[in-house]
Amino acid sequence: MDGLNIPLNHILLVSSLLFAIGMLGLMIRRNIIFILMSLEVMLNAAALAFVAAGAHWGQPDGQVVFMLILTVAAAEVAVGLGLVLQVQKRFKTLDMDDANRMQG
Amino acid sequence: MNATMFSALAPILMLSLTAVVLMIQASIKRDQSVAWVITAVGFLLTLWSASYARDFIQPVTILLEVDHWSLFFTSLILMASLVTLVLSKETFSSEGERKEEYYLLLVLSVLGAVVLIQSSHMVSLLLGMELMGVALYAMIAFPERGQLPLEGAVKYLVLSACASAMLLYGFALIYAATGELSYAGIGARAALAYAENPMLMMAGSAMVLAGIGFKLSVAPFHMWTPDVYEGAPTPVTGFLATVSKSAVFVALSRFYIDGALYQFSGLNTALVVLAIASMLVGNWLALRQKNIKRLLAYSSIAHFGYLLVVLIALTYLEADLVSQSITFYLTAYIVTTLAAFTIVSMVAGEDTAKQNISAFAGLFWSRPLEASALTVAMLSLAGIPLTAGFMAKFFVITVGIQSGLWGLLAVLVIASAIAIYYYLRIIFAMTQSAQSSGNSANWQEKLAAIVLMASILALGSWPQPFIAYAGLL
Amino acid sequence: MSETIWLIPLIPLLSSVTLMLVGTRLKASQVGALGVGSVGISALLTLLLATEFMQNQQVIQLSLWTWMEVAGFAPGISFYFDGLTLVMMSVITGVGFLIHLFSTEFMEKDPSYARYFAYLNMFVAAMLVLVMADNLLLLYLGWEGVGVCSYLLVGFWYQHNANGYAARKAFIVTRIGDTAMAMGLLLLFTELGTLDIQTMVGEADQTWQVGATVPTIACLLLVCGAVGKSAQLPLHTWLPDAMAGPTPVSALIHAATMVTAGVYLIARTHELFLLAPIAMTVVAVIGITTSLMAAFTALMQTDIKRILAYSTISQIGYMFLALGVGAWSAGIFHLMTHAFFKALLFLGSGAIIHCLHHEHNIFKMGGLRTRMPVTFWSFMIGSSALAALPMTSGFFSKDQILLQAYQFPEIGPGLWVAGLLGALLTAIYSFRLVFVVFFGSVNTEPDKDTGWRMAVPLSILCLLAMVGGWFMIPVSEVFPASDGSHPAHWVEYVSISVPIVGVLVAYLIFYTGQLKVDRLANSSFGKSLGKLWLSGWGIDLLYDRLFVKPYYGLANKLKSEPVDALYGLIVTINQTLNQWLSSAQSGRMRWYIASMVAGLILVIMLAANLPEGAL
Amino acid sequence: MVMINLILILLIGGLLAMLSERISDTMPRKVAMVVVLTDLVYLLLCLSGMPEITQLQAPVANDPSTWLMHFKTDWIPAFGISIELALDGISLLMVLLTLILGAIAISASWTDIVVRKGFFEANLLWSLAGVLGVFMALDLMLFFLFWEVMLIPMYFMIAIWGHENRGYAAMKFFIFTQASGLLMLMSILALVAVNQSATGIWTFSYFDLLNTQMTEQAAHWIMLGFFIAFVVKLPGFPFHTWLPDAHTQAPTAGSVILAGILLKTGAYGLIRFAVPLFPEAALDFSSAAMWLGAAGVVYGAVLAFGQTDFKRLIAYSSVSHMGFVLLGIYAWNELALQGAVMQMVAHGFSTAALFMIAGSLQERLHTRDMREMSGLWQQMPRMGAVAMFFVVASLGLPGLGNFVAEFLVLLGLFQVNIWITVVAATGLITGAAYSLLLMQRSFQGQANQKWVDSGLVDFGTREMLTMAVMIVALIFLGIYPQPVLDAAQPVLQSLLNLTTSPTVAIVEVM
Amino acid sequence: MLEIVFFYIAATVALMATVMAMTRPNAIHALIYLIVSLLAVAVIFFLIGAPFAAALEIVIYAGAIMVLFVFVIMMLNLGEKGNKQERQWLQPSIWAGPAILSAILLIELILVISQTNGPVSVAAVSAKQVGLSLFGPYVLAVEIASMLLLAGLVGSFHLGRRYLDRDNLEKQGGQ
């Protein structure tokens, strides 16, 4: 199957939309789980852009980077979720505005 | 891959080996001191291997570029890591079970930093940065109790991941524009790509800049810094402030130089704005900060602002002087900052109340060694002659003058003048009489403090050997 | 002798230093011996010098060492001695010696006896340097030196704040003149390349036309110095207050010597003044105005020393008048006779004050004629000389001045009339003093009359005041000869008779009371005029309002350092920014992310040159 | 090597003094005194062994071999930075002044310092070492290094042993001088860069940089950096505000060193660097600089008059006096320059002595507020007499050093600009006003019963000896200043040769 | 032509699902929307000639990572109370500012991207090609990625196990 007809900028557009939505989620959610999800969305957006660019240049590198992004996402989420558990335990909340002891 | 490549990879291999040995050790018998010794030996061997690798410098696959510069920084961060290790022993001995993971994470984080330093490709940059970061999240959150480390870790993780996403998206745009992922490849095609589609290339580079700027805590991406510095265990803060930041900066400068990004004036403008913002914001924030770790966080913001001046000068100067300046500045910065955190760790430990500057009162009389070292460190951060920090600033100003960056230098002078105030505040506090605190430090820590203080003074008063050495890089 | 004239100032100086260093360990008699003896030796040496000079008329120039040498500016520590110097030195050492002697008794009860003589000796030394100086810079050294000594002595009884105030006032007011004079020195050096008086006047003659601007300005600046030191308008206000010092000090410094330094300065540099007719006229006008102003003021004073102080101002005004009209030797002559009779009067008043337990108010005295005969006769003679009654020393000198003033072109007669008015007033106030203090009823009983150490100087001074008018001062070589013409005889007669009229008036008013002035004095005009005169024409008040208060106000305003407020503003700005930024550091992650996004937007905008780049 | 030794003796002596506290409590001050005197004697011995000293040859400003001493060795060859020290007449004068006042400062600290004596004396000696370095360094980088480093011990002296508001004062002092120091660093580097781009050689040597060719604009800016740095230290109006605080809060010995020596480094810098390196720019700037100087003279005097704090008053008087130095330097003719040099020396002694008196008062009365004093002469006549001497010295009594200085400055200045001279001369009047007020409020007037009852101790032998040194020095300077003038003359002449004088004939206008 | 239609459909689905995921108060609901979004992205991958990436997207992203989330959500046992709170937090006053920021960023990106032109690709990149380069030039990346995963593993192990330990301890203490 070939993707001759899909313009690159449309795909990038979609990815940028995803990126922006993820960023919006990051900014509006206070629950740490949602925050982590938003991060996933952003990473996914970047991955989409990479795969699209790779396809544009006809190189496998885009997909290689995609795989590595997956790895990164997995590692981050693993540690992140570990932290979520600790947050729940130590702060008795998942609200990051509430779990805020340092400022100034 | 051939044999010489493996030789060139010796530091990375040695670190990986250390990680493996640590895991094996943990599975056989958990013992903190054994883990400590293994890590120490591993770092020392890596240090040796870094000099061994000197004879085999070459690009290793497309991902890594092992050259003198990167090997120098490899050694440097290994020394810094050794200091971190020394400080960690005391700090984490009070933890409950399973503190051996810490050493494993430390080794992995150092590994990430080494990869970052040697990276010559977006992928290795990404992986190095993430490896270092992921290990650091866990290191920050390592203490069993307390909310601050956890809060610091969460903040660092979320914000750092956000920055990584920006970075990745930027990479993707650059890739879309150039079709290249290696620095050299980007450098070769950058001008062409710019001609074809200037905005894509620039927006991509800008996003990369933002992502990396976050790690360097350059304003306005600096917000996380104080919270994470304060929350993290002090040795980890020291590690984060020195190893992590300098590795990222080295990677940034390689990307900037090899990727020939300095040719784009838009990017340069962006850097100028970031530099100015960092210098001023960092120092303003630090002015009346009471917690010394937060204060050092703010000070580091300013320092990377100063350092950015050098990067901006790339547009006007040949890379040699610039990379020399970066070498000197980062070395001075690492030594000085480590000294500061060493003393903070020795004196205040993890006790937030003791991290208040007023708690340092009378240190000159109760613990003269620590006070002297901290004084020297503060003077160095402030850029007073005879200290490494001064020579570093000397480099920056020289480079700035040679490039004619008068506006930036003016800001630098103003910022440095503001900065003197808060560094002096600490020194002043130490000179005032107060009841003495009876903490004591172990000999390794004392040795580290002495060595660091001596290095600051040596770099500042007799920098010639070092400059000669750095000139070879 | 000529090689050792440096000893004359040095001996009092050494004595002074000795007294300062070890004075407190010496016995009073030793202190007295040292203090009086040193001046005595100087006086003797001066006498020797005088006899020598009378024989050979030889001018002595002696250079000890070069003070400093910079780029052609090479004033020396060097002395110049001629007839004028001799007159001055004689007065200083002679009258000075008598006053020192007088002081040993006057001050014997004072705990700071040694300090007193240390200052007094130092003063003599400085004054000698002033008159002996070969160049204006050394003269300036002496000039300032006497100023400091005057300051120290006026404030000698430092425990009273008023004395300290008077001392400071004396120093600062004269310093204003001195500074102007220093400017004159700068100008003279810049223009002529030297400050050596003799070389300088030679140069000046060659360089400048008569009436040129530069010499006029230079002379006016010198006049400023002279005006300050000699308590002339408008810088005279310090002298009446300076009476706060011990009375012998008033006699020596504020009557006989220092205050006449201005006269000496102008006389010494008269060649310059001859090039600046305007400056001379200014000097004359200042002199006569001051003279009248002070005479009116003296009329109303009740403090015995203040009367004498204003009288001094008035008399120096005459000297200035003399200088201004070119009657150089008459001026110097009056300087000398004035030194005799005014020292006599001051010492006499000192004796009264000493014996009347520090009573200064003349209306609380009275009838002292019989109680203190020595003093009475001193006063009689002194006042006669002051009033210039015929055959007294004052008569000769003042008469000369008035006659020469009359001959001054254009304004001469005017000056003469004013001078006569002054002479009339002088006679009135001086005999008012005599009548009030020595006649009438006894208001305060004196302890005793003076001891010998007071009586001897008084007597000698009486003699001098009587016969001083017959002295010939050896200044003919120094000053240009006058043309020798005389005014009409009636002028002379009027001049002679006016003082006698004045004494009569005083007699009628203050002794017999036949001339009733009460009605006039009690009218509202009379009252306010009296008040005005009492306050010295309100000049002190005026200065207080114009200069002193504003200066205090300014100093008070600036005390908080407006410049520092500027730096304070910088600090405030930084603090405010710190607060803003710190509050931005809220710890909220979402806010942090938002800032990062904003940063990202900014960076992209800058790098990709948005929004212009897109269009 | 002699010059290196001079500095090393002080540095090592400082360490010894610090360590000697372990032997006995009174040991540090003795050690410090011995060290400074050793240094002084060593210098004098070395000088007496040199034939040149008898006839100070006129040095050629840009030829080190004609200087009294010269020493050069590589330090950071990568940037052409070397350890280059040299001594000529002016430096020699300043070095001697430093060592003599150093000894005096130690004497001032004799009983004043009660805690951590060892560290205090060490700091004192170290700051002296730094000052010596400033006066001798002729590599600009080395100069800058000493310039900055000497502040650190000074900072400690104020911060640790200072009075009630020491934190603020120390901070202000340090920030002012450091911030201006940074400007100077920029200027130095800019100058070096200009030189490097012209010649292709990195060098920081004074002798090499003297002939740097640069555009007018560059020269202006670079000179301004130097100027501000030096004027802050001087201190000149309006950069003087650190000084009253620092002087007031510093311990006596600190004030002595600050006022006596440290301020002179600013003047020295102007004479040595700011003008000769940029003659044309300095010429263009001279009138502004002179107005600043005159403003300083007047402003300092007025503010001194308003003070009630004994030390603060003296501090402002320093502002006023150092204004004359600025005037003298920028009038830039031999008369004025000699006056400036003279003022540096004379002011060193007179102000140091006044600060010592202030310190003694503080030690005895535990206050510096003159409203609390009054009539102290009665109980401490010796101190009063000494104070009177230095007060009249500071108001410029002829026959004492300050007069020679001020008169020469005015004389030189008069040839350049009459109106500035007039303004500056008013300083003589206002100077008298505040000086005498000081005397009145503290030593004269009715004795305060509080002090009469508490039985104050007059100056003892040590204090009188110290004072005697300064009194003799001032009298000597006042009536026979020639040795000082002779020492400075050839140097100033050689500097004048480098530049054109701003002297313009002026009197024609009259 | 058909691909383009599919692409737009998939893109729309992905965007809609993502928006939903970001705005749902209930974590599980949000997560399911997120999975839908990921699947839609996988479709896009497929459409632009990256079948291997599409497979990985489904297997690892939607399959593994999202399941991790589910586990944690279940462990934390977020109930109805949490949902209510989440709804309260999603007021316009809270999201207006961020929305503006995001919008600006988006506009910038659109401006930048809209100038790109040209089709995506001439040919699909096969799994083999990817594999070859993965174990060719990128072999070190794989090794480093393994270390990265190790770090993630150790980190989550350390944090998570401690959580479980304490839970267990509390339970034992309770019994």
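All chains are named by letter (A, B, ...) in the order of the sequence lines, taking the proteins before the strands, and each is independently numbered beginning at 1. FYI, side chains are in, hydrogens and waters are out, and symmetry mates aren't considered; it's all heavy atoms of this structure. Please read all numbers here as calculations on a predicted model, not as lab measurements.
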Portion of [X] that has a non-hydrogen atom of chain C nearer than 4.5 angstrom:
X: A/Arg101; answer: neither
X: A/Met96; answer: side chain
X: A/Ile28; answer: backbone

Atom of C/Gly228, atom of C/Thr174 and distance for their closest heavy-atom approach: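 Scanning both residues completely, I find the closest heavy atoms to be O-CG2, 3.4 Å.
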
Would you check, one step at a time, whether the test salt bridge (Lys or Arg N to Asp or Glu O under 4.0 Å) holds for C/Lys169 with C/Asp540? CA-CA 11 Å; C/Lys169 183 173 174 185; C/Asp540 258 329; 2.8 Å; yes

Using the rule given for side chain to side chain donor-acceptor pair (under 3.5 Å), can you reason through A/Asp97 versus C/Trp591, listing the C-alpha separation, both sets of side-chain angles and the distance that settles it, and then say yes or no? CA-CA 10 Å; A/Asp97 278 14; C/Trp591 166 243; over 6 Å; no

Proximity breakdown for C/Ser583 and chain A, heavy-atom pairs closer than 4.5 Å: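 For C/Ser583, neither part sits under 4.5 Å from chain A.
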
May I ask you to establish whether C/Arg115 and C/Phe156 are in a cation-pi arrangement, using a distance under 6.0 Å from NZ or CZ to the six-membered ring centre and at most 45° from the ring axis?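 Cation-pi check for C/Arg115 and C/Phe156: passes.
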
